[in-house]
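Take a look at the structure below.
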Amino acid sequence: MNSPESLKDTLNLPKTDFPMRANAVEREPARMDHWEKAGVYSKMQEKNQGGPSFILHDGPPFTNGDVHVGTALNKILKDTILRFKNAQGFSTPYLPGWDCHGLPIEHKVTKKLRDSKVDFDSVQLRKECEDFSKSYIETQRGQFKRLGVLADWENEYRTMNPAYEAEILRTFADFVEQDLIYRSKKPVYWSIPCQTALAEAEIEYKDHVSPSIFVRFQLKEQENAFVVIWTTTPWTLPANLAVAVHPREKYCKVSHGDVFYWIAEQRVQSFSEECGLDGFTIEDTCIGSDLAGQVASHPFIDRNSPIVSAEYVTMDTGTGCVHIAPGHGLDDYLTGLEHGLEIYCPLDDGGKYVDDGQIPSELVGVSVLEKKDGSKANHAVLQILSESGALLAHKKHNHQYPHCWRSKSPVIFRAMDQWFVSLDKDGLRQRCMDGIREVSFTPEWGRNRINGFLESRPDWCISRQRSWGVPIPVFFDEDGNALLDSNLIHFLADKVSKLGCNVWFSHSAEDLLDGFDLPEEWKGRKLSKGQDTLDVWIDSGCSHRAVLRGSDKISWPADLYLEGSDQHRGWFQSSLWTSMISSKAPPYRRILTHGFVVNGEGKKISKSDGKPQTADSFVTKYGADVLRLWVCSEDFRRDIPLSDEILDQTVRAYRTLRNTIRFQLGALHDFSEAEHNVPPKEMSSIDLWALNKTNELIQEVTDSCEKYEFHRAIQSINRFCSGVLSSTYHDIIKDRLYTLRSDDKLRRSTQSALISILRSLLKLIGPFTPYIADEAWSFLQKSEEYCDDCLALQEWPQCTDLSEKQQACIDVQSLLDLKDSKVNESLENLRVKKEIGQSLDAEVTLQIPEEGELDQTIRRFNLDELAELFIVSQIIVSPIPAGEDIRVSAQHASGVRCPRSWRWVPELVHVEPWGDVSPRCAEVLANHS
RNA sequence: GGGCGCAUAGCUCAGUUGGUUAGAGCACACGCUUGAUAAGCGUGGGGUCGGUGGUUCAAGUCCACCUGUGCCCA
């Protein structure tokens, strides 16, 4: 012994380079790069090739901004599931995708182009949109990778890829071939100066002064009786086709002079004031549904205006009798559909009344466009109304009214020709509802939700008056007849598959049709291209066809679709319709939905909550593992709260996990499995107990993952780390790990258990927190930061066979229960009295009733083992008569304290050069080199 | 206004088919330890289960209504 050591240096204290602090924000990106270089995704797929497959089909995020925390949640859940399934042996090819077309991008790009004052046509606009989308694909892909998402990024799909666009057209060809497509009118926002249709996003609501008028409609079967409507758009009256009442509200027959007016009871007071009806009386009452079915006359056109009932009629304003012009309002339109009314719109593109034989001659050619002195059409209609005596009151009304974002002028609602998919033809709707019965739902109520949508949605309007999308491949002759031909669409799809949809916008109709043999009756006509694009829900709704059927890496149908619950109405539904039409079956076997991220108060996150809720804003603060741990700690089927408090809690859980792992790595620093491993049948009881607890954990986590209840898995893991390991197992084994000879059998037994436990634990947390799991895995394999045999390539853990050791596990459990319930209590008493500090200062006396269960148990242990379990210096067991209660008492241990093991022993032994130690330590030191 | 959901300790979650004093981890308080140390251990306080009213011998657990809240629609 050349250099004198302190006693502490003779202990086997934990030793590891695995850092206590994750420093995740800086270190995770390097591990991400390591995975990419090591080709982890490909290796995961190769490993399970030929095995059963699990296809999770990615719903494409929209490419118009940074990844939102909600989108991150979605991708994290997908990655977690795939890592779990892959570890279980499933082949899990995962092709991520991007939804590229659509108004939000077109809108942003249009704004940008307008601001830079350049002229642009649809070809240029589309180019800009494509660039915009591409740049966000790059951004988002990087952000997804940073979250730890493993995917086949080289084969990702994009709805704007030519091949994908072609599949959209082929799907549309199926619609056409099955005769599901028809043309009909539907009201859209229309800007008269721009002569274009507008989307909701292109509308600005501004204060506007409109006329407010009350107009009476003569009832046909009641003499001198009228219904009275209120409106702020007199110009829509020529298109009036009905009057709506609420079926369950009460209506009064108000008598004034020699005429009667039917008004909703709640509106009588206000109405009489507005129209100056002094001294009115109420003659009669009824409910709305009694009025429905009667017929009124249009005030100035020879036309019936039936009374119909509608649920949306409110009692807040007006008269409770609502003027219905199906061509000029969405509610009106739906009411019109319901009651078989014409979707009537007597306006041309310039907003002028057309001469259709119904419009009064003095209105024909008059424009509804608002100028400084108001709308000519309004003036003209008011003139007619007041001359005919139908106008009961005319005032001004201040309200918010939609304006065109470009021309700043008020927009109108105007019915235009649109393309629809008939959802009831050949029992399509019923087939969808039957098909969905075969699909599993998590949570189960998702079935209800999608059923509600399937049942009630009207025919699908699939045309949009936009540029950034897939064109509706239709041609018109000079009379406006439409050529919609599935062969032609397939012909065009082949072109698009090579050149992309741009070909439609950059080529003339003639060029596009070149090489196609037109149907006989269409030959020789002058044809022009349609201007509309397809609803983008068709784009993403075709992904099962374009992706699952389009790649040999993957197969149709998917085992799982996993998106937010808003997609019951969106993607799940659009995918179902297209799949039922083209493939006669649903594209998915299970639908899993998650809720939305809300703030700490359970309210939706809004801009007023401060910082932008991008995934990056969290990743750059907490790291990806913490964000993932948060996602997996929450029951994602309902709303998912996110707050600083919750993330702080997640950080603490992460640190606990990290420390637990670090302790185990440190305890294994001198353990070589090949040389030192002790098989379970030779292990000490406490180690068997710990392995048994690990088995339980494996089962719990596996069950939870199979049910997609990750939060339960995380709770199990947290409980395991703190309850089983940290406060129990680790605490107990410190003595043997630190003080025994390095290769003592007991110590090796514990290390053998530890390595097995740690391997299992790392594999279990792998899907949730892949960065720390892989980091620890490398340290365990090679004592280095990185290794090529990454954790993601390992199999899901198996339980250790302990069938022959059940008794030992049960015994230890009952002794630990005694420790929790009685021993710690008596130790705490001593501590409070300042008689002891750490539990090793104590001696415990157990008075055990003879022939009881515990008596039997204790007989299977010697006193040293008991002292070790209770982490005290000495144990005294004294039997008491059967039937009495167990008694546990504690007192300060007697004898002297060993400065090495801190245990109290009757006497110490002198060992050079260290001095006096316990006999057990003396033996260890005698062989210490 | 309508459809589908959600509501248990400060936080995140458990609470099987209704049945003893409602559990866990974290947080908090107090104490111990200083050989996992920007760590570890022990002990303790804290919910009457969003509210009201029912059904029942018995309800967090069933029913009705209300309130709050989320998604979707209008």
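By convention in this document, chain letters (A, B, ...) are assigned in the order of the sequence lines, proteins followed by strands, and residues within each chain are numbered from 1. What's counted below: heavy atoms across the whole structure, side chains too, no hydrogens, waters or symmetry copies.
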Item to check | Distance under 6.0 Å and angle within 45° of ring axis: A:R658 vs A:F18 | outcome: yes

Checklist entry - How would you label the contact of A:N448 with the nucleic acid (heavy atoms, under 4.0 Å): base, sugar-phosphate, or nothing? => result sugar-phosphate

Next on the checklist: Both A:R719 and A:H730 contact RNA chain B. Taking the nearest nucleotide for each, which residue is further toward the 5' end?
Outcome noted: A:R719

Next on the checklist: Applying the ring pair (Phe, Tyr, Trp, His ring centres under 6.0 Å) criterion to A:W571, which one of A:W577, A:Y561, A:W537, A:F453 satisfies it?
Outcome noted: A:Y561

Checklist entry - When the ring planes of A:Y729 and A:W689 are compared, do they come out parallel, tilted or perpendicular, using 30° and 60° as the limits? => result tilted

Checklist entry - A:Y738 stacking on B:G35: centroids under 5.5 Å, ring planes under 30°? => result no

Next on the checklist: Of the options B:G35, B:C11, B:A39, whose atoms approach the side-chain atoms of A:M20 most closely?
Outcome noted: B:A39

Item to check | Interatomic distance at C1', B:U17 relative to B:C13, whole Å | outcome: 23 Å

Checklist entry - OP1 or OP2 of B:C28 sitting under 4.0 Å from any side-chain N/O of A:R652? => result no

Item to check | Touch class at under 4.0 angstrom, heavy-atom based, for A:W630 against every strand present | outcome: nothing

Checklist entry - Looking across every strand, which nucleic acid part, if any, lies under 4.0 Å from A:S726 by heavy atom: base, sugar-phosphate, or nothing? => result base

Item to check | Candidates B:G25, B:G35, B:A38 - which lies nearest the side chain of A:L11 | outcome: B:G35

Checklist entry - Looking only at side-chain N and O atoms, does A:H568 come under 4.0 Å of OP1 or OP2 in B:G3? => result no

Item to check | Proximity to the side chain of A:R655 - top-ranked nucleotide from B:A39, B:A14, B:C11 | outcome: B:A39

Item to check | A:R457 to A:W460, cation-pi by 6.0 Å centre distance and 45° axis angle | outcome: yes

Checklist entry - 5'-most contact on RNA chain B: A:F453 or A:N718, nearest heavy atom basis? => result A:N718

Next on the checklist: Using whole Å, what does the distance between atom C1' of nucleotide B:U34 and atom CG of A:L840 come to?
Outcome noted: 14 Å

Checklist entry - Just how far is it from atom CG of A:N659 to atom NE2 of A:H730, taken to the nearest 0.5 Å? => result 11.0 Å

Checklist entry - Is there a donor and acceptor pair closer than 3.5 Å between the side chain of A:R637 and the base of B:C6? => result no

Item to check | Secondary structure of RNA chain B in dot-bracket form (Watson-Crick or G-U wobble, distances below 3.5 Å, | marking inter-strand pairs) | outcome: (((((((..((((.....[...)))).(((((.......))))).....(((((..]....)))))))))))).

Polar pairs (N or O, both sides) under 3.5 Å between protein and nucleotides 42-49 of chain B?
from: B:G42; atom 1: O2'; to: A:E828; atom 2: OE1; distance (Å): 2.9

Checklist outcome for this item: Minimal heavy-atom distance between A:I772 and A:Y654, with the atoms involved, is CB-OH, 3.8 Å

Next on the checklist: Counting only side-chain heavy atoms from C-beta out, which of B:C6, B:C11, B:C72 sits nearest to A:R449?
Outcome noted: B:C72

Checklist outcome for this item: Closest to the side chain of A:T739, out of B:G35, B:C72, B:U37, is B:G35

Item to check | Distance below 4.0 Å between A:K834 side-chain N/O and B:C32 OP1 or OP2 | outcome: yes

Polar pairs (N or O, both sides) under 3.5 Å between protein and nucleotides 61-69 of chain B?
from: B:U69; atom 1: O2'; to: A:G602; atom 2: O; distance (Å): 2.8

Checklist entry - Parallel, tilted or perpendicular: which describes the rings of A:F710 and A:F768, with under 30° parallel and over 60° perpendicular? => result perpendicular

Item to check | N/O donor-acceptor pair, side chain A:T660 with base B:A36, under 3.5 angstrom | outcome: no

